[in-house]
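Only a predicted model underlies this, so the values are computations on that prediction, with no experimental measurement involved. Keep in mind that the numbers below use all heavy atoms, side chains included, and drop hydrogens, waters and symmetry copies.
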Amino acid sequence: MKKLNFIADKNDKIVNLLLNKGFSYNCVNKLLRNKDVKINAVRTKENIDVYAGSEIIVFYDENMITNKTQAFDIVFQDDNIAIINKPSGIEIEGENSLCAKLGLLAVHRLDRNTTGLVILAKNNLAQQQFIDAFKNHKIIKKYLAEVVGKTSFKNEKMKAYLVKDSKTSFVKIFKDKVKNSLEIETIFNTVKSSSTSSIVECQLITGRTHQIRASLAYLGNPIIGDGKYGKNEDNKKFKQNKQLLHCYYIKLNGLKENLAYLNNMEFQCNPEWFKNFNQ
């Protein structure tokens, strides 16, 4: 049994403070059930409020800390959800995924190599409410992409059709409806541009597989670093082997009853490559 001793640096629930120390949600609940958490020398089993300056001691097994090698940037969390700034190279679900590491539940997708804001649920009721809100297009998600070439999009809505090859997970975009195609809608807006590349804001109306990546490639402006829909020569030119696509903005809506308090909340997190872009 190991011991973690730290001082709370802000007012928060004990669950949130322990999540920030690398424990999964399931592990935090186990620690509290077993009264393995002391706050100012008093053991607790409840998710109580903790004040900045309080001393917290946790008795735990070494394998209970799930993100020892990779700290996740928690943008927001409460008793129902956590919003994470996901790094590249990690899946949302599956073995060694974000959900597995944090012990939370998925409510929407974000490609393995796409970075940015991801909503995870802490209970089944929250999970279902968010799944329904996404299904009904109530939650707004916006992405930033650095693409090849100089663009001049002005909040342009692109309507097209997408066909996915299930064997290769590769999708193709068509102007008109074809066999087995699904209609897609995306709004593109140029935020910054230089003579060689541009930053494009992408807002999903529909949410199909690789919709943004394939659409920008179809328009002649593939995402820099995209090894699937981009060109190798472009990626070498920009010295980039990771796709520059980041979910930077989320606005919550369509949530009911016990989650209605989250409606109209907005979250934003810009990637480093956007901050360093030279016009």
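Partners of K142 according to the side chain to side chain donor-acceptor pair (under 3.5 Å) rule, which considers only residues two or more places apart in sequence or in another chain, do not exist here. Here F170 pairs with T168, K172, K228, Y229 under the side chain to side chain contact (heavy atoms under 4.5 Å, CB included) rule; sequence neighbours left out. Residues satisfying the salt bridge (Lys or Arg N to Asp or Glu O under 4.0 Å) criterion with D49, sequence neighbours excluded, are K13. Scanning for ring pair (Phe, Tyr, Trp, His ring centres under 6.0 Å) contacts around F267 gives F76, with sequence neighbours left out. Remark: N221 pairs with no residue by the side chain to side chain donor-acceptor pair (under 3.5 Å) rule, at least two apart or across chains. Residues passing the side chain to side chain donor-acceptor pair (under 3.5 Å) test with E266 are Y249, sequence neighbours excluded.
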Using the rule given for side chain to side chain contact (heavy atoms under 4.5 Å, CB included), can you reason through L4 versus K2, listing the C-alpha separation, both sets of side-chain angles and the distance that settles it, and then say yes or no? CA-CA 7 Å; L4 172 66; K2 289 184 170 289; over 6 Å; no
Please evaluate residues K86 and T115 with respect to the criterion side chain to side chain contact (heavy atoms under 4.5 Å, CB included), reporting the C-alpha separation (whole Å), side-chain torsions for both, the decisive distance (0.1 Å), and the verdict. CA-CA 5 Å; K86 186 185 85 68; T115 59; 5.8 Å; no
Stepwise, does the side chain to side chain contact (heavy atoms under 4.5 Å, CB included) test hold for Y143 with C247? CA-CA 4 Å; Y143 295 72; C247 181; 3.6 Å; yes
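In this structure, D78 contributes its side chain and I81 its backbone to a donor-acceptor pair below 3.5 Å. Looking only at distances, a side-chain donor or acceptor of S194 sits under 3.5 Å from a matching main-chain atom of T196. Side-chain N or O atoms of Q127 include one that pairs as donor or acceptor with a backbone N or O of A106 at under 3.5 Å. Of the possible polar contacts, one joining the R112 side chain to the G89 backbone as a donor-acceptor pair under 3.5 Å is found.
Judged purely by distance below 3.5 Å, without hydrogens or angles, the side chains of N80 and N123 pair a donor atom with an acceptor atom. Side-chain N/O atoms of T151 and T190 include a donor and acceptor closer than 3.5 Å.
For the residue pair E146 and S197, the shortest heavy atom distance occurs at OE2-OG, 2.9 Å. Nearest heavy atom pair, residue L144 against residue P271, reads CD1-CD, 4.0 Å. The two residues L104 and A121 come nearest to each other via the heavy atoms CB-O, 3.5 Å. The shortest heavy-atom contact between Y60 and V58 is CD2-O, 3.7 Å. Contact detail for K3 and F59: the closest heavy-atom pair is CD-CE2, 3.6 Å. Scanning both residues, S193 and K150, for their nearest heavy atoms gives OG-NZ, 3.2 Å.
Counting heavy atoms from C-beta on, the side chains of I140 and I250 never come closer than 4.5 Å. Side-chain contact between H246 and N85: present, with at least one pair of heavy atoms (C-beta onward) separated by less than 4.5 Å. Under the 4.5 Å side-chain criterion, counting only non-hydrogen atoms from C-beta, K141 is in contact with H108. You'll find the side chain of L18 reaches within 4.5 Å of the side chain of F6, heavy atoms only. L105 is not listed as a side-chain neighbour of C99, based on a closest heavy-atom distance of 4.5 Å or more. A 4.5 Å side-chain heavy-atom check between C202 and F188 finds at least one atom pair inside the cut-off. Side-chain contact check for W273 versus I224: every heavy-atom pair is 4.5 Å or farther apart. Counting only heavy atoms from C-beta outward, the side chains of V15 and L32 approach each other to under 4.5 Å.
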Could you give the side-chain donor-acceptor pairs of residues 128-137 under 3.5 Å, partners two or more places apart or in another chain?
| unit_1 | atom_1 | unit_2 | atom_2 | d |
| --- | --- | --- | --- | --- |
| Q128 | NE2 | D132 | OD1 | 2.9 |
| Q129 | OE1 | K256 | N | 2.8 |
| Q129 | NE2 | K256 | O | 2.9 |
| N136 | ND2 | D132 | O | 3.1 |
| H137 | ND1 | I205 | O | 3.1 |

Side-chain atoms of residues 176-186: list all donor-acceptor pairs with protein atoms under 3.5 Å, sequence neighbours left out, distances to 0.1 Å.
| unit_1 | atom_1 | unit_2 | atom_2 | d |
| --- | --- | --- | --- | --- |
| S181 | OG | V178 | N | 3.1 |
| S181 | OG | V178 | O | 2.7 |
| T186 | OG1 | Q211 | NE2 | 2.7 |

Using atom types as modelled, flag every donor-acceptor pair under 3.5 Å from a side chain in residues 152-164 to any protein atom, sequence neighbours excluded.
| unit_1 | atom_1 | unit_2 | atom_2 | d |
| --- | --- | --- | --- | --- |
| E156 | OE2 | K154 | N | 3.4 |

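No single ILVMFWY cluster, assembled from side-chain heavy atoms under 4.5 Å apart, contains both L110 and I139. I74 and Y25 fall within the same hydrophobic cluster, where Ile, Leu, Val, Met, Phe, Trp and Tyr residues are linked whenever their side-chain heavy atoms come under 4.5 Å apart, directly or through other members. L17 is connected to I84 through a chain of hydrophobic side-chain contacts under 4.5 Å among Ile, Leu, Val, Met, Phe, Trp and Tyr, so both are in one cluster.
The cationic atom of K30 (NZ for Lys, CZ for Arg) does not lie both less than 6.0 Å from the six-membered ring centre of F23 and within 45° of the ring axis.
The neighbour count for K239 NZ, taken as heavy atoms of other residues, nucleotides or ligands under 6.0 Å away, does not exceed 12. Taking a 6.0 Å sphere around OH of Y261, one finds it holds more than 12 heavy atoms contributed by other residues, nucleotides or ligands.
Annotation: salt bridge (Lys or Arg N to Asp or Glu O under 4.0 Å) contacts involving residues 195-207, sequence neighbours excluded, are absent. Residues in residues 115-129 take part in no salt bridge (Lys or Arg N to Asp or Glu O under 4.0 Å) pair, two or more places apart or across chains. Among residues at least two apart or in separate chains, salt bridge (Lys or Arg N to Asp or Glu O under 4.0 Å) pairs with a member in residues 208-222 are D111-R213, R213-D226.
Taking CD1 of I92 as the start and CZ of R109 as the end, the distance is 9.0 Å to the nearest 0.5 Å. Between atom CG of residue L245 and atom CD1 of residue I223 there is a gap of 4.5 Å, rounded to the nearest 0.5 Å. Rounding to the nearest 0.5 angstrom, the gap separating the NZ atom in K101 from the CD atom in E95 is 10.0 Å.
Between K236 and E233 there is no salt bridge, since no side-chain nitrogen of the basic residue lies less than 4.0 Å from a carboxylate oxygen of the acidic one.
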